[in-house]
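See below for the structure under consideration.
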Amino acid sequence: MAKRGVEEVVVVALEEKGGAMAVVVEEKEQKEEKENEKEEEEAHPYAFHVSGPRNVAKPNWRDLINSSWKDTNYKRSVIACFIQAVYLLELDRQENRTVETALAPKWWMTFKYKLTQTLTDERDGSIFGAVLEWDQSAALADFVLIRPSGAPKAVLVLRGTLLKGPTIRRDIEDDLRFLAWESLKGSVRFKGALEALRTVAERYGSSNVCIAGHSLGAGFALQVGKALAKEGIFVDAHLFNPPSISIAMSLRNIGEKAGFAWKRLKSMLPSSSEPQADCDEEIKDNSLKSWLGNIYGDKASMGLKQWVPHLYVNNSDYICCHYTDPEGTTEENEANKENTSPTNGQVAAKLFVMSKGKQKFLEAHGLEQWWSDDLDLQLAINKSKLISRQLKSLYSLPASQVTKRQR
């Protein structure tokens, strides 16, 4: 009996040992599985080290002497990376990625920024924007003692349309809203973005804040930034592939061409020279420059031009290419002075045009091109009819605001 008892103990011990070995094997398999997942994440096409910029360095102690943010190419590339982060925030949410496997953080952490707020669409819970702020603690770890000159304290970034099941419906709704009315003010995203931008502008000062967006997000950024500019709050704005096509714009173009044709026809009809001269004089008196000068004076007129957004467009992208259309012929400009921008030498926006010849739409409309190494940009010197139209309301204030400024 005693011998048998010893054998039973041995069997039990072996079983326990086998169980322990099974646990060890299971833990090892789980560890290998996590490592494989990590390798897959690192090889993900949207991982920062895979598709991110190659020649854009993260902040270091040298920025204390000569800030990289003073380089316009560096600034454009980093801000484009921030927008990519918002796209990935929503993708991470849809694909249930964990903190360890999330793709988005690398796109802001590399440049010593941190996520302080996500903007979600209350209709479907999707993330459409984010507020990124300078991360002083992370910067100190790399001996960057102060924020580099030119680096914004806070950046509000807005993504464009994401053709994925959970969010495509609401994205398309806002796309159609812009297509129909050329206005996004009726969207809940407009309200959320405006509140977020106003909050950070009040906290850090408008000169330390930036707003940026891509595609539909650029449309929101332009209209939100313009709304604050009307209140006298001017923030830095960077708009990538902003939408330029709408039914409302097409109808206005038809109306303008019809009006121009009618004026040309009237000019060819027999009439007294005096009324025609009076008409010409009236057009000149009603020009935007004269109107502003008479009401505000030169000093006030200069104050209305402090908001200068940066627009980045690709000629092969049919969504944004109309921003490169000039204001028109000399005759059209004379007949439609109300649509022209101020002519005292200051521009209403900086338009950067990129063209590599004929490109496929997805490549021309993509965000990745704006941090690529072979990017060749040209600052457009011609006046853009669409920019003048988009910003026209900044130079024609309502009567209540005119009274307020005169006091």
Side-chain angles (χ1 to χ4, degrees), residues 34 37-38 40-48 50-52 79-109 113-132 155-181 183-197 211-224 239-243 245 317 319-320 361-363 365-370:
K34 288 182 178 180
E37 288 179 356
K38 186 177 180 181
E40 290 178 1
E41 294 297 334
E42 290 178 349
H44 194 285
Y46 293 149
F48 180 79
V50 175
S51 59
I79 291 176
C81 288
F82 289 167
I83 301 173
Q84 177 74 348
V86 180
Y87 279 104
L88 294 177
L89 276 172
E90 174 56 21
L91 287 178
D92 286 342
R93 184 191 73 88
Q94 292 183 15
E95 298 172 7
N96 298 317
R97 297 184 186 277
T98 63
V99 176
E100 293 78 15
T101 60
L103 297 169
K106 281 285 186 180
W107 291 84
W108 64 71
M109 292 174 62
Y113 278 78
K114 60 183 178 181
L115 177 67
T116 59
Q117 182 183 356
T118 56
L119 278 62
T120 58
D121 191 323
E122 61 187 26
R123 299 170 296 182
D124 59 6
S126 63
I127 299 172
F128 68 90
V131 175
L132 305 176
V155 185
L156 172 61
V157 278
L158 305 168
R159 67 167 175 84
T161 304
L162 193 56
L163 300 179
K164 294 285 185 179
T167 185
I168 185 173
R169 178 183 174 186
R170 300 306 182 186
D171 287 356
I172 294 298
E173 279 185 14
D174 284 331
D175 285 326
L176 294 177
R177 185 190 305 274
F178 183 89
L179 179 63
W181 297 294
S183 175
L184 295 165
K185 290 184 178 181
S187 172
V188 296
R189 296 184 182 184
F190 180 90
K191 180 181 178 181
L194 182 60
E195 291 177 354
L197 186 62
I211 185 172
H214 172 251
S215 190
L216 176 63
F220 275 108
L222 176 62
Q223 296 190 14
V224 168
L239 317 172
F240 299 85
N241 300 89
I245 301 175
D317 176 13
I319 288 181
C320 70
F361 167 72
L362 291 180
E363 182 182 1
H365 190 68
L367 183 58
E368 186 173 347
Q369 64 180 309
W370 300 113

Exercise. Roughly how far, to the nearest 0.5 Å, is CG of Asp92 from CG of Leu103?
Worked result: 5.0 Å
Exercise. Between Leu89 and Leu115, is a side-chain contact (heavy atoms from CB on, under 4.5 Å) present by the stated rule, with each step listed?
Worked result: CA-CA 10 Å; Leu89 276 172; Leu115 177 67; 4.2 Å; yes
For this session: Would you give the length of the straight line joining atom CG of Leu91 to atom CZ of Arg159, rounded to the nearest 0.5 angstrom?
Result: 8.5 Å
For this session: Show your reasoning for whether ring pair (Phe, Tyr, Trp, His ring centres under 6.0 Å) applies to Phe220 and Phe190.
Result: CA-CA 6 Å; Phe220 275 108; Phe190 180 90; 7.1 Å; no
Exercise. Hey, are the side chains of Leu367 and Ile83 touching, using non-hydrogen atoms and a 4.5 Å cut-off?
Worked result: yes
Exercise. Is Trp108 close to Gln84 at the side-chain level, that is, under 4.5 Å between some pair of heavy atoms?
Worked result: no
Exercise. Going from CG on Asp171 to NZ on Lys164, what distance comes out if it is rounded to the nearest 0.5 angstrom?
Worked result: 12.5 Å
Problem set entry | Inter-residue atom distance Ile211.CD1 - Leu197.CG, 0.5 Å rounding | 4.5 Å
Exercise. Yes or no on salt bridge (Lys or Arg N to Asp or Glu O under 4.0 Å) for Glu173 and Arg169, after CA distance, side-chain angles and deciding distance?
Worked result: CA-CA 6 Å; Glu173 279 185 14; Arg169 178 183 174 186; 3.6 Å; yes
For this session: Check Phe361 against Ile319 and note the closest heavy-atom contact, atom names and distance.
Result: CZ-CD1, 3.5 Å
Exercise. Are Cys320 and Asn241 close enough that some pair of their side-chain heavy atoms sits under 4.5 Å apart?
Worked result: yes
Problem set entry | Least distance between heavy atoms, Thr167 atom then Ser126 atom | OG1-OG, 3.5 Å
For this session: Please state whether the rings of Phe48 and Trp107 are parallel, tilted or perpendicular, taking 30° and 60° as the class boundaries.
Result: perpendicular
For this session: Look only at the side chain of Thr118 and the backbone of Ala130, and say whether a donor-acceptor pair between them is shorter than 3.5 Å.
Result: no
Seminar exercise, completed: Separation between NE2 (His44) and OG (Ser51), nearest 0.5 Å, reads 9.5 Å
Exercise. Out of curiosity, Leu119 CG to Ile127 CD1, how far, rounded to the nearest 0.5 Å?
Worked result: 9.5 Å
Exercise. What pair of heavy atoms forms the shortest contact from Ala104 to Ala85, and how long is it?
Worked result: CB-O, 3.5 Å
For this session: Check for a donor-acceptor pair, side chain of His214 on one end and backbone N or O of His365 on the other, with a separation under 3.5 Å.
Result: yes
For this session: Kindly determine whether Arg189 and Asp121 satisfy salt bridge (Lys or Arg N to Asp or Glu O under 4.0 Å), including the steps that lead there.
Result: CA-CA 6 Å; Arg189 296 184 182 184; Asp121 191 323; 2.8 Å; yes
Exercise. Which atoms form the tightest heavy-atom contact between Ala218 and Leu239, and what is the distance?
Worked result: O-CD2, 3.7 Å
Problem set entry | Donor-acceptor contact present, side-chain Ser187 to main-chain Leu184, <3.5 Å | no
Problem set entry | Minimum side-chain heavy-atom gap Asp174-Phe128 below 4.5 Å | no
For this session: Please indicate whether Arg123 has more than 12 foreign heavy atoms, meaning atoms of other residues, nucleotides or ligands, lying under 6.0 Å from its CZ.
Result: yes
Exercise. Any idea which heavy atoms bring Leu158 and Gly129 closest together, and the distance?
Worked result: CD2-CA, 4.0 Å
For this session: Might you point out which heavy atoms bring Gln369 and Gly366 nearest each other, and give the distance in Å?
Result: NE2-O, 2.8 Å
Exercise. Would you call Arg93 and Pro166 a side-chain contact if the rule is heavy atoms closer than 4.5 Å?
Worked result: yes
